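Quick caveat, the model's predicted, so the values are computed rather than measured. Letters A, B, ... are given to chains in the order of the sequence lines, protein chains preceding strands, and every chain is numbered from 1.
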Amino acid sequence: MIRVNDKFDVEWKPGMTIRDILNELKFTFPMLVISVNGEIIPKEEWDTRQVQDGDDVKVLHMIAGGR
Amino acid sequence: MSVIPVEVLKKAHRKLAEYHYELRPVERGYANRTLYINLSDMTIEEKPVTEEMKRIFTGGRGFALWLLWNAVKDDTRWNDPENELIIANGPLCGILSYPGTGKSTVVTISPLTNLVIDSNVGGMVGPYLKGAGFDALEIQGKADRDVIIVIDGDTGTITIEEAPLEEPYAHLLGRALTEMYAKNEADKRNIAVVTAGHGAEFSRYGMLNFSWYDLRRKEVRFKQAARGGTGTVFRDKRIKAIVVRKSGFTAKSNNPAKPELIRKASQRINKEIVELDDKQNQMRKVGTPYLVGIMNDYDLLPVYNWQYGMHEDAHKISKIVWMGLFTQGVPDGCHYGCMLSCSHGVDHFHLRTGPFKGDVVLVDGPEYENAAGLGANLGIFDPNAVLELNFYCDTYGIDTISFGTSMAFAMECYQRGILNRERTGGLDLTWGNIDAVLETLHQLARGEGFGLIVGQGVRWMKQFFVETYGADPDFLNDIGMEVKGLEFSFYVTKESLAQQGGYAIANKGPQHDEAWLIFMDMVNNQIPTFEDKAEALHYFPMWRTWFSLHGLCKLPWNDIEPADNAFQPEPHKVPEHVENYCWLVEGMTGVPTTPDDLILSSERVYNFQRVFNLRRGSGRREHDYPPYRAVGPVTVEEYESRRERYDKQLKEEIGVDPEGLSTEEKMRILREHRMKRYDQLLDAVYERRGWTKDGIPTLETLRRLEIDFPDVVRVVKKALEETGR
């Protein structure tokens, strides 16, 4: 299981990438900051960077305080 | 509709008053005087701006609140002659080289809330008003006939003219007056116009259109000071339009103390926009409607009066559709020089209904709020219908947000059998019925039929439906999306406690420009405790207030972000942009400025506005509660549509096993839990802000903020005594 933002659970599958997690959670907002176990992952690696079962993933949506 | 030639319109004008003043340069962002006009006796005066005003109230919304405070009595109603309509710019307004620096704020006592409304707006009125010599325009009294106020900042002349023939449709009036007061085509860029529209004469949520001349299209464009009935007050004073003229206004016109700092900030943000906007929110290509699809994906797009947060047809009014409709490749800034250029329009739009049926027009917008509120929330997923509604709201001078929310309320009442065809005068208000919604809007603008009822807003309708049709007041209070009398803007807040507070605690009522915390709270899980949420509900509303004190747009703050923003210690505040704003303030005024200084200046005005609400009989805890529709599921269908989510919350958050419970029982338990949490949130927010448990700023808070003027203390002491604290 992957826990995202200490809130959302995504069932882990072998070969799962960051992009798969975003798709699973329908996180479509364009301005995201993503870290895996505390390491910020550059956007260009989201399609290929694999996550491991139990990883702590943070997906921060970078908008706050007013649209 | 036949259009009266400009020469005929002009010939019918009769000068009622004229005033000459000395032209003076703007100094460090301030004109150092305001303009007072009384339409009852045709008085025109200048008032000095004191150093104390600048220090405590900064400018913009702050100045306007102070002027209004001194102009009205405790019980002044919105349509009393002493109510004022104030347009203020701000010390950074008119920088122009920095994006989003053309804003004005309109302040008045609102017909919807009976409180002070502040509504910000783009266009070139703000910069030109300052260039003409004034930090604010304060209009009191009522004319006995329709008038136009002309402020000529080139000659130092102000006139009030009787204007009997102009039809108050914004798109015609803006065009006619721009042509009337410009010397030639090239001179049109020096004219900016404020208008309302026919609808504002009949509705409590009439709005104001602020123009700028689109040089490429050779057309007058508009942005709107939309919230709270500014246009209603405008027409009640029998103002048809305000024309401001200023030639040669440039980025240097503010005479900044340290122009190099303004240049440095401008270069940094503009480079960032050029390099990154296309990879981020694409404000230059699509603007705020990029959010429709995203809000739908996150279950945040209001559908059917906020019953639901997504719809399978949302893609029909989402980003890609608007990108195809918006005219691309033109610099669509709402002030000259804005690099973010998000003010998109649809050229050559064919109207199929209403008084301009068959005309081909330019539609300004839609913004996200229009697409969501005139679209999804009414069950309308036809972009052309959204555009037609958008156009007519604008030219009628009607706030799209209040109209959309009022319409959604009426449509749900129709769905629930509270309304029927007999009660709507034959209108079938089934969700998605485009023709019925358009007809309601046209009726509203004619001041007749069911449209006139919708035009009074949600709070008024609730009472009317209870008294006239025997509707259940508790149910209407649950589904009527208003707080303090102002209609909600378009985000579903059921899963974000912080945003429920962001809307409901807001001084003017539930408008998203005070705080938008949904992602931080609901998705990022960044503010899990009450203290965290309270801190966010302190910082962000104060931060957002800051823009309206200075004449700035919020969008360049966080709808574009530096490439390395993610690596900053507090990325959600966008620290590099905050630094830009510090540079702008220091560059303009010469005073070194820190981020804490910015927040302090806002706190003063924010708390002053809270006290203004107290003075108006509001501003206490009891006025800060949202309708339950904003907090949780009101109906069985709503609960069942997200049963898995709610059942999980019952089990994990409340410790109740939902198995075997009826939906009604589960709803009751969930409601108790959520309202208890809301109360805990209020306690935390009030404490963080230095307010009592009743939501009243303490005397110590007033002293800390140096707004402990005798009148202010009198109001607060009275409120404290009444609440026994």
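Counted by atom type alone, Q280(B) and D559(B) present zero donor-acceptor pairs between their side chains at under 3.5 Å. With no hydrogens or angles considered, no side-chain donor-acceptor pair links H512(B) and Y503(B) at under 3.5 Å. Side chains of T288(B) and E367(B): a donor on one and an acceptor on the other come within 3.5 Å.
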Please step through salt bridge (Lys or Arg N to Asp or Glu O under 4.0 Å) for the pair K554(B) and D513(B), ending with a clear verdict.
CA-CA 8 Å; K554(B) 162 266 161 193; D513(B) 70 352; over 6 Å; no
Take D299(B) and R642(B) through the test salt bridge (Lys or Arg N to Asp or Glu O under 4.0 Å) and record every step on the way to the result.
CA-CA 10 Å; D299(B) 206 17; R642(B) 295 287 179 272; 2.7 Å; yes
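Below 4.5 Å, heavy atoms of chain B meet heavy atoms from K26(A), all part of residues 19-26 of chain A.
Among the candidates N525(B), I518(B), D521(B), the residue making the largest number of heavy-atom pairs closer than 4.5 Å to chain A is N525(B).
For a residue to count as touching a neighbouring chain, one of its non-hydrogen atoms must lie under 4.5 Å from one of that chain's; by this rule F27(A) touches chain B with backbone and side chain alike. Neither the backbone nor the side chain of K58(A) comes within less than 4.5 Å of any heavy atom of chain B. With a 4.5 angstrom heavy-atom cutoff, L60(A) touches chain B via backbone and side-chain atoms both.
The aromatic rings of F540(B) and W557(B) sit tilted, their planes meeting at an angle between 30° and 60°. Ring-plane geometry between Y539(B) and W543(B) is classed as parallel, the angle between the planes falling under 30 degrees on a 0 to 90 degree scale with a further cut at 60.
Minimum interatomic distance between N524(B) and V59(A) (heavy atoms only, all atoms of both residues): OD1-O, 3.3 Å.
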